[in-house]
Undergrad: 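Please see the structure below; I have some questions.
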Amino acid sequence: MKGIKLLALSLFSTAFLSFTPVKKKYIVVDAGHGGNDLGANVNGIAEKDIVLNIAKQIHEINESQEKYEVFLTRTSDEYKTLTERTDKINELSPVMVISLHMNRTPENDTQRQGHELFIQQSEDSKKIADKITQKLGSCSVAERDLHMLRESKSPAVLIELGYLNNKKDREYLSSEKGQKEIAQKFVDLFNEY
């Protein structure tokens with residue numbers, strides 16, 4: 001009888017321990033702007049829509065991966081304040097934060113193209129920026145005092161994916177093919193991190 005009780009206790013302990021939740025490792029992807037905040041807007045193409053589409057693609061492609069769970073600060077065309085976003089980020093305590101944006105130059109300067117990275121003053125943010133430039137191509141990297149970077153307690157990078165008023169950048173980043181390629185590069189980066 002004592003042996004049966006020990007066996008039952010052992011089986012219960014094993015079953016209980018096997019269902020103990022493992023702390024998830026998150027990566028937060030922040031699609032900038034949203035709702036009535038269009039961000040950059042050229043010829044009816046809005047920054048808020050492009051970055052949301054790319055964020056959703058990153059989430060979708062990453063679903064088959066087991067290393068990290070991608071959390072999106074917004075999943076629809078809604079406006080959330082920067083404080084709401086960083087509060088949620090700090091609650092999740094992710095491995096990294098990637099904030100997606102689009103650039104725009106003054107009307108008469110449509111030749112600038114490519115991406116820019118802004119980082120926190122931390123070694124981890126610099127490492128993430130280095131990985132991004134390996135995936136997307138070299139670009140300027142600068143420390144910047146932006147809310148998303150300053151208030152995120154996790155390593156954070158804000159990336160301007162391209163210039164919306166540059167025809168080549170706009171056509172690529174507003175296309176389904178371009179968005180999918182960018183999303184895949186981020187998922188590849190996550191898997192290598």
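This is a predicted model, so every value here is computed, not measured.
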Undergrad: Of all heavy-atom pairs between Asp30 and Thr73, which one has the smallest distance, and what is that distance?
TA: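 Closest heavy-atom pair between Asp30 and Thr73: OD1-OG1, 2.6 Å.
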Undergrad: Under 4.0 Å between a side-chain nitrogen and a carboxylate oxygen: does that hold for Lys48 and Asp37?
TA: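 A salt bridge is absent here (no side-chain N lies under 4.0 Å from a carboxylate O).
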Undergrad: Supply the atom-to-atom distance Leu146 CG to Ile119 CD1, rounded to the nearest 0.5 angstrom.
TA: 11.5 Å
Undergrad: Backbone N or O of Tyr172 within a donor-acceptor pair of the Ser175 side chain at under 3.5 Å?
TA: yes
Undergrad: Salt bridge between Lys88 and Glu84, side-chain N to carboxylate O under 4.0 Å?
TA: no
Undergrad: I'd like to know if the side chain of Arg74 reaches the main chain of Gly32, judged simply by a donor and an acceptor atom lying under 3.5 Å from each other, with no hydrogens or angles considered.
TA: yes
Undergrad: Determine, using the 4.5 Å side-chain heavy-atom cutoff (strictly less than), whether Leu72 and Tyr26 are members of one ILVMFWY cluster.
TA: no
Undergrad: Return yes when atom NZ of Lys153 has more than 12 non-hydrogen atoms of other residues, nucleotides or ligands closer than 6.0 Å, and no otherwise.
TA: no
Undergrad: Stepwise, does the side chain to side chain contact (heavy atoms under 4.5 Å, CB included) test hold for Arg170 with Val42?
TA: CA-CA 9 Å; Arg170 182 175 62 250; Val42 174; 3.7 Å; yes
Undergrad: For the side chain to side chain contact (heavy atoms under 4.5 Å, CB included) test, which of Leu164, Leu38, Asn165 pairs with Ile45?
TA: Leu164
Undergrad: Under the criterion side chain to side chain contact (heavy atoms under 4.5 Å, CB included), I'd like the reasoning laid out for Arg112 against Asn166: C-alpha separation, chi angles, the key distance, then a yes or no.
TA: CA-CA 7 Å; Arg112 284 188 77 182; Asn166 176 279; 6.0 Å; no
Undergrad: Let me confirm one number: the CD-CG distance from Gln121 to Asp145, rounded to the nearest 0.5 Å.
TA: 10.0 Å
Undergrad: Taking all heavy atoms of Val29 and all of Ala55, pick out the closest pair and write down the distance.
TA: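 Heavy atoms of Val29 and Ala55 come nearest at CG1-CB, 3.8 Å.
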Undergrad: Does Ile98 belong to the same Ile/Leu/Val/Met/Phe/Trp/Tyr cluster as Val51, with side-chain heavy atoms less than 4.5 Å apart forming each link?
TA: yes
Undergrad: Classify the ring geometry of Tyr68 against Tyr193: parallel below 30°, tilted from 30° to 60°, perpendicular beyond 60°.
TA: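 Tyr68 and Tyr193: tilted rings.
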Undergrad: Go through it in stages, so that I can follow the logic: the residues are Cys139 and Glu116, the test is side chain to side chain contact (heavy atoms under 4.5 Å, CB included), and I'd like the CA-CA distance, side-chain angles, deciding distance and then a yes or no.
TA: CA-CA 6 Å; Cys139 67; Glu116 287 183 293; 5.7 Å; no
Undergrad: Are the side chain of Glu151 and the backbone of Thr86 linked by a donor-acceptor contact shorter than 3.5 Å?
TA: no
Undergrad: Please test Ile50 against Gln179 for side chain to side chain contact (heavy atoms under 4.5 Å, CB included), starting from the C-alpha separation and ending with a verdict.
TA: CA-CA 8 Å; Ile50 292 174; Gln179 292 173 5; 4.2 Å; yes
Undergrad: Does Asp169 use its side chain to pair, donor to acceptor, with the backbone of Gly114 at less than 3.5 Å?
TA: yes
Undergrad: Once you round to the nearest 0.5 Å, how far does CD of Glu192 lie from NZ of Lys67?
TA: 8.5 Å
Undergrad: List the steps and the verdict of side-chain hydrogen bond (donor to acceptor under 3.5 Å, both in side chains) for Gln134 and Asp130.
TA: CA-CA 6 Å; Gln134 289 171 22; Asp130 288 343; over 6 Å; no
Undergrad: Check this for me, if you would: do Lys126 and Glu143 make a salt bridge, where the nitrogen-to-carboxylate-oxygen distance has to be below 4.0 angstrom?
TA: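 A salt bridge is present here (some side-chain N lies under 4.0 Å from a carboxylate O).
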Undergrad: Is it true that Met148 and Ile128 fall in one hydrophobic cluster, defined by side-chain heavy atoms closer than 4.5 Å?
TA: no
Undergrad: Examine distances only and state if a side-chain atom of Asp77 and a backbone atom of Gly35 form a donor-acceptor pair shorter than 3.5 Å.
TA: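 At least one qualifying donor-acceptor pair exists.
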Undergrad: Are Arg104 and Glu47 close enough, and set up right, to give a salt bridge (Lys or Arg N to Asp or Glu O under 4.0 Å), and what steps lead you there?
TA: CA-CA 10 Å; Arg104 183 187 170 117; Glu47 173 181 359; over 6 Å; no
Undergrad: Rounded to the nearest 0.5 Å, what separation is found between the CZ atom of Phe118 and the CG atom of Leu149?
TA: 9.0 Å
Undergrad: Going only through I, L, V, M, F, W and Y residues with side-chain contacts under 4.5 Å, is there a path from Tyr163 to Ile159?
TA: no
Undergrad: Of all the heavy-atom pairs spanning Ile61 and Ala183, show the shortest one and how long it is.
TA: CD1-CB, 3.9 Å
Undergrad: Membership question, hydrophobic clusters at under 4.5 Å side-chain separation (ILVMFWY): are Leu136 and Val70 in the same one?
TA: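 Yes, Val70 connects to Leu136 through the hydrophobic network.
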Undergrad: Contact between Lys80 and Glu78 at the side-chain level, heavy atoms closer than 4.5 Å - yes or no?
TA: yes
Undergrad: Please determine whether the number of non-hydrogen atoms from other residues, nucleotides or ligands lying under 6.0 Å from atom CD of Gln65 exceeds 12.
TA: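 Counting other residues, nucleotides and ligands, CD of Gln65 exceeds 12 neighbours.
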Undergrad: List the atom of Val141, the atom of Ala129, and the distance in Å for their closest heavy-atom pair.
TA: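 Smallest interatomic distance, heavy atoms only, reads CG1-CB, 4.0 Å.
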Undergrad: Give me the atom names and distance for the closest heavy-atom approach of Pro155 to Gln120.
TA: CA-OE1, 3.2 Å
Undergrad: What do the steps show when you test Ser152 against Asn90 for side-chain hydrogen bond (donor to acceptor under 3.5 Å, both in side chains), and what is the final call?
TA: CA-CA 6 Å; Ser152 295; Asn90 293 333; 5.1 Å; no
Undergrad: How about Lys167: does its NZ atom have over 12 heavy atoms from other parts shown lying under 6.0 Å from it?
TA: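 Result for NZ/Lys167: open.
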Undergrad: Is there side-chain contact between Lys56 and Glu60, with at least one heavy-atom pair below 4.5 Å?
TA: no
Undergrad: Quick one: pull up CD in Glu69 and CD in Glu63 and give me the separation to the nearest 0.5 Å.
TA: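 Result: 9.0 Å between the selected atoms.
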Undergrad: Do side-chain atoms of Arg85 reach the backbone of Ala31 as a donor and acceptor pair under 3.5 angstrom?
TA: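 Checking the backbone N and O of Ala31 against the side chain of Arg85, a donor-acceptor pair under 3.5 Å is found.
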Undergrad: Give me the atom names and distance for the closest heavy-atom approach of Leu173 to Ile182.
TA: CD2-CG1, 4.0 Å
Undergrad: Decide if atom NZ of Lys185 counts as having more than 12 heavy atoms of other residues, nucleotides or ligands within a radius under 6.0 Å.
TA: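 Enclosed.
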Undergrad: Under a 3.5 Å distance rule, please check whether Ser154 uses its side chain to pair with a backbone N or O of Val95 as donor and acceptor.
TA: no
Undergrad: Are the side chain of Glu160 and the backbone N or O of Asn103 linked by a donor-acceptor pair below 3.5 Å?
TA: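 Confirmed, Glu160 side chain pairs with Asn103 backbone.
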Undergrad: Could you check whether any side-chain N or O of His101 sits under 3.5 Å from a backbone N or O of His33, counting only pairs where one atom can act as donor and the other as acceptor?
TA: no
Undergrad: Supply the atom-to-atom distance Ile27 CD1 to Asn62 CG, rounded to the nearest 0.5 angstrom.
TA: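 If I round to the nearest 0.5 Å, the distance is 7.0 Å.
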Undergrad: Classify the side-chain pair Gln184/Asp188 by whether it contains a donor and acceptor separated by less than 3.5 Å.
TA: yes
